[in-house]
Amino acid sequence: MAADVPAPPGPDAFDSVLDAIGGTPLIRLARIAPRVYVKAEFLNPGGSVKDRAALAMVLDAERSGALPPGGLIVEGTSGNTGIGLAIVAAQRGYRLTVVVPDKTSSEKTAILRAYGAEVVVTPGAVPQEDPEHVRQVARRVAADRGGWLADQYDNPANPAAHRATTGPEIWRQTHGRITHFVAGVGTGGTVSGAGAYLKEVSGGRVRVVGADPEHSVYSGGDGSPYLVESIGHYRHPDTAEDVWPRSYHRGVVDHVEAIGDRESILTARRLAREEGLLLGASAGTAVAAALRLAARSAPDALIVVVVPDSGRSYLSKYYDDGWLLRLGFPVGHAAGPTVADVVGPLPAPPPAVPATASVGEALADRHPAALRPVGPRRPGSPPGSLSVAEVTGTLDVAELRRLVTAGTARPADPITAHVTDPLPTIGITESPAAARARLGTREAAWIVVDGRIAGSLRNGQLG
Ligand code: PMP
């Protein structure tokens with residue numbers, strides 16, 4: 001070919017999947033809230049916002065020499081950061097081990113394995129100092145095997161990725177007209193990085209709102225469990241010192257909005273049906289916060305909300321009616337009576353009895369419920385608000401009172417000898433027939449409303 005003939009252009013294509021990370025569209029919620037635009041992070045190649053942080057953290061570790069060629073990447077993650085790292089690892093020739101809490105959806109662990117990652121599942125509901133805590137296990141695996149710990153919670157490359165990409169994309173896409181930025185807070189990388197950029201570039205005009213599950217400590221909750229995955233900050237009652245991620249820069253966030261599991265999940269389900277957007281529950285939390293904001297802000301407000309991942313990772317949870325009904329969430333099911341109809345109005349939920357209580361302490365309050373759940377009582381918890389995830393046993397206080405009167409139990413005794421296994425759980429929204437079938441020959445069950453213990457029922461009450 002003559003030297004002056006230009007080479008034919010190559011295909012109009014990305015050089016690798018890594019170049020397809022970022023540059024996600026902004027989509028208006030045309031039907032639900034036309035002033036709200038979602039940043040469609042589920043369209044990243046790994047299916048979530050975390051592809052951005054994963055790529056940035058690996059490139060940074062390559063530059064600093066912390067990650068040698070062919071090395072081992074280790075991370076503690078609720079799944080999506082692991083998926084992002086798996087993509088980068090495949091493309092750049094690394095091995096990957098991810099440690100996930102047991103609340104992680106089975107879809108996410110299956111995806112991780114499909115990319116060839118090693119998955120270690122560890123209990124989620126333990127204190128931060130516990131050797132079994134996700135971050136402790138990840139640290140140990142990295143140390144034992146000479147791996148590099150990505151450490152999204154404390155790695156400055158995580159918020160920096162959003163300052164460098166997510167924030168500028170939103171500014172460009174809205175032509176600088178954004179007034180409010182909303183993002184769920186997990187490690188805090190998204191809200192801190194993109195939020196800081198948007199504040200700077202707008203001369204402080206953009207308001208930054210963090211969306212947080214109710215009960216999470218970020219929004220001042222008691223730290224008890226919630227069902228939305230990947231955001232918020234859980235605090236085990238035995239935690240000695242509660243350390244927040246360094247990726248979360250609290251000064252950037254003007255306001256943190258707390259959203260209950262029910263509202264998050266129902267908002268996500270509504271987005272699928274009314275906007276054709278199948279999203280995870282943390283997107284439901286963030287959009288719910290944005291909808292509240294839209295309702296109380298000026299008519300020219302332009303709200304951008306990050307929707308971090310797709311509902312495809314949660315078909316077995318938030319999009320499974322059976323799963324939701326067993327936890328007492330109000331979702332559509334065949335017409336007919338529910339457990340609520342047959343048990344009638346419930347008194348205030350029974351307060352939890354701490355496992356370390358004495359018989360006297362357990363009998364001290366005069367709540368009428370005969371059966372009490374045994375589990376932690378947290379400072380700041382509304383009375384009786386115990387998550388099903390934290391119930392460790394059952395105490396029959398009516399029986400215990402009889403034993404004390406008869407002199408067989410003494411007030412100073414520990415309750416330990418009187419605690420029996422936790423009861424099975426029945427959702428308040430289930431059909432009595434489904435509840436009866438699951439209860440079988442068990443005599444009693446906890447009644448669950450929105451994932452929390454609301455009372456107990458005797459088998460016979462189901463008819
Ligand atoms: N939603 C989902 C589904 C996530 O995986 C994450 C990451 N943990 C978040 C929200 C929160 O993002 P960030 O860690 O940047 O705060």
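For ligands, and for the atoms within them, numbers begin at 1 and follow the listed sequence.
Using a 4.0 Å cut-off between charged side-chain N and carboxylate O, E169 and K39 make a salt bridge. Under the 4.0 Å criterion applied to side-chain N and carboxylate O atoms, D254 and K199 are assigned as salt-bridge partners. A salt bridge does not link E107 to K317: none of the charged side-chain nitrogens sits closer than 4.0 Å to a carboxylate oxygen. For the pair R270 and E275, the salt-bridge criterion is not met [side-chain N within less than 4.0 Å of a carboxylate O]. A salt bridge does not link R326 with D321: none of the charged nitrogens is closer than 4.0 Å to a carboxylate oxygen.
Of the possible polar contacts, one joining the R35 side chain to the A298 backbone as a donor-acceptor pair under 3.5 Å is found.
Using bins of under 30°, 30° to 60° and over 60° for the plane-to-plane angle, the ring pair H233/W244 lands in the tilted bin. H236 and Y234 have perpendicular rings, their planes meeting at more than 60° on a 0 to 90° scale where under 30° would count as parallel.
Atoms of ligand 1 lying under 4.0 Å from any heavy atom of D309, numbered from 1 in the order shown and given with element: 3 (C). Near G186, meaning under 4.0 Å from any of its heavy atoms, are these atoms of ligand 1: 11 (C), 13 (P), 14 (O), 16 (O). Near G188, meaning under 4.0 Å from one of its heavy atoms, ligand 1 places the atoms 13 (P), 14 (O), 16 (O). Taking a cut-off of under 4.0 Å to the non-hydrogen atoms of T190, the atoms of ligand 1 that pass are 12 (O), 13 (P), 15 (O).
Between the side chains of E229 and S78, no donor-acceptor pair of N or O atoms lies under 3.5 Å.
Taking a 4.0 Å cut-off on heavy atoms, I231 registers as neighbouring ligand 1. Using 4.0 Å as the threshold, G280 has no heavy atom nearer than that to any atom of ligand 1.
Of all protein heavy atoms, the one closest to atom 1 (N) of ligand 1 is S282 OG, 2.6 Å. With hydrogens left out, the protein atom closest to atom 9 (C) of ligand 1 is S230 O, 3.6 Å, a heavy atom. Summary of contacts: the protein heavy atom closest to atom 5 (O) of ligand 1 is N80 ND2, 2.8 Å. The protein heavy atom nearest to atom 14 (O) of ligand 1 is T187 OG1, 2.6 Å. The protein heavy atom nearest to atom 7 (C) of ligand 1 is K50 CD, 3.2 Å.
When non-hydrogen atoms are compared, ligand 1 lies under 4.0 Å from neither the backbone nor the side chain of E229. At a heavy-atom distance under 4.0 Å, only side-chain atoms of P308, from C-beta outward, approach ligand 1.
Ligand 1 has no N or O atom lying under 3.5 Å from any N or O atom of Q152, backbone or side chain.
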